[in-house]
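Any value given below was found using the heavy atoms of this structure, including those in side chains, with hydrogens, waters and symmetry copies removed. Note that the structure is a prediction, hence the values are computed from the model and not measured.
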Amino acid sequence: MNNLYNNTISHKLSVAPMLDWTDKHCRYFYRLMSKHTVLYTEMVTTGAILHGKGDYLSYNDEEHPLVLQLGGSDVKAMTECAKIAEQYGYDEVNINVGCPSDRVQNGRFGACLMAEPSLVADCINEMQNAASIPVTVKSRIGIDDQDSYEFLHTFIEEVAKADCKHFIIHARKAWLTGLSPKQNRDVPPLDYERVYKIKQDFSQLDISINGGIKTFTETKAHLKHVDGVMIGREIYSNPYMLTDADNDIYNTNTVKQTRAEVIDLMVPYINETVKDGGRAWHVLRHMLGLCNGLAGARKFRQHLSECASKEGANGQILLDAFNKVTIN
């Protein structure tokens with residue numbers, strides 16, 4: 001697997017790592033619509049990589065620029081995984097310091113690591129000594145009652161000393177007790193200004209902002225204050241917006257793909273997946289929102305949901321579903 005993008009990635013726009021969602025099929029689909037948007041894997045734990053029975057790191061070569069999001073806090077294991085990620089051809093490794101779930105806390109990683117900046121710095125130090133690809137951090141603005149600006153400033157300052165140059169900050173704090181991961185994505189209020197202030201105080205660092213961003217108009221407004229914007233659920237719900245990303249955010253002069261063109265490119269990919277022993281649904285579940293906003297979008301979703309899991313389902317399911325849509 002070729003690593004062509006290392007150290008040249010522009011993080012102006014990225015798709016957030018989303019557990020159970022941003023797998024290799026999802027990322028392949030997204031890459032067809034935007035050549036420049038940075039894609040992230042789902043969070044993969046060090047244990048899964050080092051001791052798991054499956055290959056948790058496989059991807060399609062077309063997915064670059066591609067970042068592996070890693071969950072863990074054991075310095076030795078994190079370092080080993082950084083080396084493996086480089087061997088696989090990933091462009092960067094990102095450390096998860098933002099996930100609030102109980103399972104993650106029990107493994108001593110995710111958002112609870114915000115309280116241990118020196119441990120995060122140790123991981124980065126060793127990882128960057130062992131591998132030549134950049135190591136970055138995705139965090140929250142705070143955890144529980146440790147949610148002052150000073151707390152966040154100290155965290156960034158300590159971790160940046162280990163030569164971490166890029167931080168993605170979800171502009172909400174995380175409640176480690178009392179809220180589910182789903183509630184943690186909506187309940188704590190957004191504080192974009194706090195992320196802007198971090199960029200002002202650490203102008204030498206690349207700072208990306210994440211949380212509640214829905215449009216490229218909002219994205220461009222944020223880019224006046226920070227270096228990058230990460231969008232998650234909105235792109236998953238409305239993936240076709242990615243066809244505007246290269247022109248709107250990266251200022252390229254690209255001919256925007258039609259939905260029909262995207263579908264024509266996905267059909268052989270689905271057929272190949274089925275031929276290799278996968279199921280059509282594994283790919284098509286990520287495409288349910290492709291026709292949102294068009295007449296017949298509901299029938300499109302319905303057809304995929306009802307037919308994609310059936311025995312023998314292949315790319316034809318997608319073509320049949322698209323025939324139910326009216327394009328003005």
Should the ring pair Y28 and Y269 be called parallel, tilted or perpendicular, given that the plane angle runs from 0 to 90° and is split at 30 and 60?
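Rings of Y28 and Y269: parallel, under 30°.
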How are the rings of Y236 and W21 set relative to one another: parallel (under 30°), tilted (30 to 60°) or perpendicular (over 60°)?
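Y236 and W21: parallel rings.
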If only atom types and distance count, is the side chain of [X] paired as donor or acceptor with the main-chain N or O of [Y] below 3.5 Å?
X    : Y    : result
N271 : G315 : yes
E92  : T136 : no
Y59  : Y88  : yes
N96  : G71  : no
N292 : S237 : yes
K12  : I249 : yes
N129 : N125 : yes
R31  : P65  : yes
N247 : T254 : yes
Y30  : T37  : no

Euclidean distance, [Y] [atom2] relative to [X] [atom1], rounded to 0.5 Å:
X    : Y    : atom1 : atom2 : result
E116 : F155 : CD    : CZ    : 10.5 Å
D248 : T219 : CG    : OG1   : 9.0 Å
K173 : D144 : NZ    : CG    : 7.0 Å
S14  : I235 : OG    : CD1   : 8.0 Å
L66  : R27  : CG    : CZ    : 5.0 Å
Y196 : D201 : OH    : CG    : 15.5 Å

Determine whether [X] and [Y] make a side-chain contact, defined as any pair of heavy atoms from C-beta on separated by less than 4.5 Å.
X    : Y    : answer
I317 : K310 : no
D147 : I141 : no
L265 : Q257 : yes
K165 : P134 : no
M230 : P17  : yes
L205 : I156 : yes
Y56  : E42  : no
Y250 : L13  : yes

Please determine whether side chain to side chain contact (heavy atoms under 4.5 Å, CB included) holds for the pair T258 and I327, giving the CA-CA distance in whole Å, both sets of side-chain angles, and the decisive distance to 0.1 Å.
CA-CA 10 Å; T258 64; I327 295 176; over 6 Å; no
Output, in order, the C-alpha distance, side-chain angles, deciding distance and verdict of side chain to side chain contact (heavy atoms under 4.5 Å, CB included) for K199 and H225.
CA-CA 7 Å; K199 176 60 190 175; H225 304 278; over 6 Å; no
Distance only, no hydrogens: is a donor on one side chain within 3.5 Å (strictly under) of an acceptor on the other, for H303 and N323?
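No - no donor-acceptor pair under 3.5 Å links their side chains.
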Heavy-atom pair of closest approach, residues [X] and [Y]:
X    : Y    : result
F151 : M114 : CZ-O, 3.5 Å
I207 : H166 : N-CD2, 4.5 Å
L190 : Y192 : CD1-OH, 3.5 Å
R301 : L288 : CG-O, 3.0 Å
A308 : A313 : O-CB, 3.5 Å
V137 : V159 : CG2-CG1, 4.1 Å

Of T41, N94, T22, the residue whose pairing with Q69 passes side-chain hydrogen bond (donor to acceptor under 3.5 Å, both in side chains)
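By the side-chain hydrogen bond (donor to acceptor under 3.5 Å, both in side chains) criterion, Q69 pairs with just one of T41, N94, T22: N94.
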Counting only heavy atoms not in [X], do more than 12 sit closer than 6.0 Å to its [atom1] atom?
X    : atom1 : value
E311 : CD    : no
K76  : NZ    : no
K299 : NZ    : no

Apply the test side chain to side chain contact (heavy atoms under 4.5 Å, CB included) to residues Y240 and K256: give CA-CA distance (whole Å), side-chain angles for both, the deciding distance (0.1 Å), then the verdict.
CA-CA 10 Å; Y240 191 65; K256 178 176 169 172; 3.7 Å; yes
Test log, rule side chain to side chain contact (heavy atoms under 4.5 Å, CB included), inputs V120 and C123:
CA-CA 5 Å; V120 177; C123 286; 5.7 Å; no
R233/D186 salt bridge by N-O under 4.0 Å criterion:
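Result for this pair is yes, salt bridge flagged.
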Within 45° cone of F322 ring axis and under 6.0 Å: R259 NZ or CZ
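Judged by the rule, R259 and F322 form no cation-pi pair.
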Please walk me through it: do K83 and E86 pass salt bridge (Lys or Arg N to Asp or Glu O under 4.0 Å)?
CA-CA 5 Å; K83 289 195 280 193; E86 182 175 39; over 6 Å; no
